[in-house]
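In what follows, residues are counted from 1 in the order of the sequence shown. Heavy-atom basis, side chains included; hydrogens, waters and symmetry copies ignored.
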Amino acid sequence: MQNSNLAPIPELFVSYDSAQKLKTEAGNLPSWDLTPRQICDLELLTNGGFNPLKGFLSEADYDGVVENMRLANGTLWPMPITLDVSEKYADGIEIGQDIALRDQEGVILATMTVTDKWVPNKAREAEKVFGADDSAHPAVNYLHNTAGSVYLGGPVTGIQQPVHYDFKGRRDTPNELRAYFRKMGWRRVVAFQTRNPLHRAHQELTFRAAKEAQANLLIHPVVGMTKPGDVDHFTRVRCYEAVLDKYPAATTTMSLLPLAMRMAGPREAVWHGLIRKNYGCTHFIVGRDHAGPGKNSNGEDFYGPYDAQELFRTHQDEMGIEMVDFKHMVWVQERAQYEPMDEIKDKDKVTILNISGTELRRRLQEGLEIPEWFSFPEVVKELRRTRPPRAQQGFTVFFTGFSGSGKSTIANALMVKLMEQGGRPVTLLDGDIVRKNLSSELGFSKEHRDLNIRRIGYVASEITKNGGIAICAPIAPYATTRRAVREDIEAFGAFVEVHVATSIEECERRDRKGLYKLAREGKIKEFTGISDPYDVPEKPELRIETETSDVDHCAHQVLLKLEAMGLIKG
């Protein structure tokens, strides 16, 4: 496949002079503050990465994409790119109205003419786009618990690109990359999509892919939003830069892609291919379980290992970009080289070695050796800087249970025991303390209780990120909020959920603060366990009973758990 078309593709920006005028006018429009995911989507809409889209999908385009991966006019497009907003905001917007789209600092990035406004069937979207309405899928969880309930559609007019202060020299628009390929005389370019650090197997794989396609290589990692728990993009880019000189300079380049991944497996692979076509690539590497999110609620993979390759192959002629299928590379000890697993004829006579992502994380956590055949010393050094052994990392212990269950008492005892051990600063974020200092203006509605828990989670994530220990002891009745806090914290360290499983009868019998009596009398509305639900944690790291155990024993159980997890030394 020759890259005959490296001509510029359409961008959605107006000229500089028009942008200045539009920026002034847009100051008077109703404005929407974009979420991090929407900022990623807007950047790729305006710079041509999402060509042929002219804005956020209309209802007809959305329906077509959800049902059969096609826009209303029949063009292939597998992923709904929608502007989700709150019901309250949508109520104030009329069809035909212009709105200003702002980043989180309030800078106007674009305007949008609202042509459509509708309430989507999110269960249907989850089923069709992600294969199941299962909240174990990060994008389905986002859809139901983070995304707004109303979608707005319409064309956008770009005023300016989102501002990035990091890795500026590595952030190319589709037209900038196309111009680079033209200048270098690259007719065939194979793109490698990654959201993980590059190890030796990846390098071997990309070498082989470029050779097979007789193409130059574009390493095109995602630096927008990836899967919760992934290594942060700053560390990943430093890892890529550390190994870039292992590639021949004249045949390889690296550029960063500000994409918010959906982890949608087969559909995501087709989407990634269309995006790379816009960036001027002729070939695209599709891996085993490409953009898979891991296990579903039944502990099975969401997608088959080669589903993505099959869907891509079906559409590649129409897409105008060719697939290079990913080989599963393993280390053959006797020959001291990587080989594709399915091409090894003498499997019974050689030693085949491989390290999974889970095993790599374990070795990093425990400070164990990572062999040089697996990764480059420069990459391991970067990963160790960001992910020191667990006993040197910050972490959060998150107690949850009914009012009066003993959370605060055990949390206090644990704090003292951890301070006695020393080594890391310990902060207690008790429900009552937080209410007084962080959330004094909040009531006890579901919305306010959620906001209170998210504030606790935010502070705990900052403590964890900076190597401290956060101990939280709120009631935290809702599973979705606890999951969101877990995701925030696990970006930086371990999250240890401890369910203090004291029965409601025992809590009511204790009723130290007299709250249950007031709740029974109807004087406290929405009281957890009486007039409001409590979602019992399904898989906490630890469940403790307080009815037959004293405080010291309960706190000691938590210490033993932390030791077993490698978070503290015995």
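- Side-chain contact between Val434 and Arg455: absent, with no pair of heavy atoms (C-beta onward) separated by less than 4.5 Å.
- Between Leu57 and Leu71, some side-chain heavy-atom pair lies under the 4.5 Å cut-off.
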Derivation of the side chain to side chain contact (heavy atoms under 4.5 Å, CB included) call for His272 and Met261 = CA-CA 9 Å; His272 289 172; Met261 288 182 69; 3.9 Å; yes
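- To the nearest 0.5 Å, atom NE2 of residue His220 and atom OG1 of residue Thr194 are 12.0 Å apart.
- By the 4.0 Å N-to-carboxylate-O rule, Glu241 lies too far from Arg238 to be salt-bridged with it.
- Both the sub-6.0 Å distance and the 45° axial angle are satisfied by Arg37 relative to the ring of Tyr142.
- Annotation: ring pair (Phe, Tyr, Trp, His ring centres under 6.0 Å) contacts involving residues 226-245, sequence neighbours excluded, are absent.
- For Asp17, the side-chain contact (heavy atoms from CB on, under 4.5 Å) partners at least two apart in sequence or on another chain are Ser15.
- With a 4.5 Å cut-off on side-chain heavy atoms, Ile93 and Pro30 count as touching.
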request  = Report the C-alpha distance between Thr115 and Ser58 in whole Å, list the side-chain angles of each, state the deciding distance to 0.1 Å, and finish with yes or no for side chain to side chain donor-acceptor pair (under 3.5 Å).
outcome  = CA-CA 7 Å; Thr115 57; Ser58 67; over 6 Å; no
task = Check step by step if side chain to side chain contact (heavy atoms under 4.5 Å, CB included) holds for Ile475 and Ile453.
result = CA-CA 9 Å; Ile475 294 170; Ile453 301 304; over 6 Å; no
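- Once rounded to the nearest 0.5 Å, the distance linking CD1 of Ile219 with CZ of Phe192 reads 8.0 Å.
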message = Does Ile321 form a side chain to side chain contact (heavy atoms under 4.5 Å, CB included) with Phe312? I'd like the steps, not just the answer.
response = CA-CA 10 Å; Ile321 186 167; Phe312 197 106; 4.0 Å; yes
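- At a threshold of 4.5 Å between non-hydrogen side-chain atoms, the residues Val140 and Val129 do not count as touching.
- In this structure, the side chain of Lys122 engages the main chain of Leu143 through a donor-acceptor pair within 3.5 Å.
- Formation of a donor-acceptor pair under 3.5 Å by the His164 side chain with backbone atoms of Asp166 is not found in this model.
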query = For Ser439 and Asn452, what are the C-alpha separation, side-chain angles and deciding distance, and is it a side chain to side chain donor-acceptor pair (under 3.5 Å)?
reply = CA-CA 6 Å; Ser439 301; Asn452 184 49; 2.7 Å; yes
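- Checked by atom type, the side-chain pair Asp134/Ser297 shows a donor-acceptor distance below 3.5 Å.
- In this structure, the side-chain contact (heavy atoms from CB on, under 4.5 Å) partners of Arg288, at least two apart in sequence or on a different chain, are Pro305, Tyr306.
- Using a 4.0 Å cut-off between charged nitrogen and carboxylate oxygen, Glu176 and Arg171 do not count as a salt-bridge pair.
- You'll find the side chain of Leu218 reaches within 4.5 Å of the side chain of Phe181, heavy atoms only.
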key: Stepwise side chain to side chain donor-acceptor pair (under 3.5 Å) test for Thr82 and Asp84   = CA-CA 6 Å; Thr82 50; Asp84 56 282; 4.9 Å; no
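- Heavy atoms only, all atoms of each residue included: Phe302 and Lys295 are closest at CE1-O, 3.3 Å.
- A donor-acceptor contact shorter than 3.5 Å links the side chain of Thr46 to the backbone of Glu43.
- One finds the CZ atom of Arg387 at 9.5 Å from the CZ atom of Phe492 (value rounded to the nearest 0.5 Å).
- For the atom pair CZ of Phe326 and CD1 of Ile285, the computed distance is 8.0 Å after rounding to the nearest 0.5 Å.
- With Arg276 contributing its side chain and His283 its backbone, the two residues share no donor-acceptor pair below 3.5 Å.
- A donor-acceptor pair under 3.5 Å is absent between the side-chain atoms of Asp33 and the main chain of Arg102, judged by distance alone.
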message = Is there a ring-ring contact (aromatic ring centres under 6.0 Å, His included) between Phe495 and Phe398? Walk through the geometry before answering.
response = CA-CA 7 Å; Phe495 178 88; Phe398 193 93; 5.4 Å; yes
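- Partners of Phe395 according to the ring-ring contact (aromatic ring centres under 6.0 Å, His included) rule, which considers only residues two or more places apart in sequence or in another chain, do not exist here.
- Using a 30° and 60° split on the angle between ring planes, Trp271 and Trp77 fall in the perpendicular class, above 60°.
- Contact between Tyr279 and Asp172 at its shortest, heavy atoms only, is CE2-O, 3.4 Å.
- With Glu318 contributing its side chain and His315 its backbone, the two residues share no donor-acceptor pair below 3.5 Å.
- Summarising the geometry, atom CD1 belonging to Ile275 is positioned 11.0 Å from atom SG belonging to Cys281; distances are rounded to the nearest 0.5 Å.
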Steps toward salt bridge (Lys or Arg N to Asp or Glu O under 4.0 Å) verdict (Glu310, Arg313) = CA-CA 5 Å; Glu310 284 167 23; Arg313 199 174 280 114; over 6 Å; no
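- Here Glu127 does not pair with Arg124 in a salt bridge; the nearest charged N to carboxylate O distance is not below 4.0 Å.
- Taking the six-membered ring where tryptophan is involved, the planes of Tyr62 and Trp118 are tilted, since the angle between them lies from 30° to 60°.
- The minimum heavy-atom distance between Leu76 and Met319, with the atom names listed, is CD2-CG, 3.5 Å.
- For the pair Gln309 (side chain) and Val286 (backbone), a donor-acceptor distance under 3.5 Å is present.
- Under the 4.5 Å side-chain criterion, counting only non-hydrogen atoms from C-beta, Leu311 is not in contact with Tyr303.
- Residues Leu383 and His199 are in side-chain contact: their nearest non-hydrogen atoms beyond the backbone lie under 4.5 Å apart.
- Within the 4.5 Å cutoff, the side chain of Asn141 has heavy atoms near those of the Glu487 side chain.
- Going from atom CG of Leu257 over to atom CD of Gln193 covers 7.0 Å, rounded to the nearest 0.5 Å.
- Looking at Glu268, its side chain does come within 3.5 Å of a backbone N or O of Met263 through a donor-acceptor pair.
- Without hydrogens or angle criteria, Thr24 side chain to Gln20 main chain gives a donor-acceptor distance under 3.5 Å.
- Between Asp450 and Arg454 there is no salt bridge, since none of the side-chain N atoms of the basic residue sits less than 4.0 Å from a carboxylate O of the acidic one.
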ask   = Between Asp535 and Arg482, is a side chain to side chain contact (heavy atoms under 4.5 Å, CB included) present by the stated rule, with each step listed?
value = CA-CA 10 Å; Asp535 301 334; Arg482 293 196 302 263; 4.1 Å; yes
Distance-only criterion, 3.5 Å: show the donor-acceptor pairs between side-chain atoms of residues 146-161 and protein atoms not counting sequence neighbours.
unit_1	atom_1	unit_2	atom_2	d
Tyr151	OH	Glu125	OE1	2.9
Gln160	OE1	Lys23	NZ	3.2

task = Given side chain to side chain donor-acceptor pair (under 3.5 Å), test Tyr180 with Ser255 step by step and report yes or no.
result = CA-CA 11 Å; Tyr180 176 80; Ser255 185; over 6 Å; no
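- For Asn216, the side-chain contact (heavy atoms from CB on, under 4.5 Å) partners at least two apart in sequence or on another chain are Trp186, Thr251.
- Distance alone, capped at 3.5 Å, is enough to place a donor-acceptor pair between the Asn278 side chain and the Asn51 backbone.
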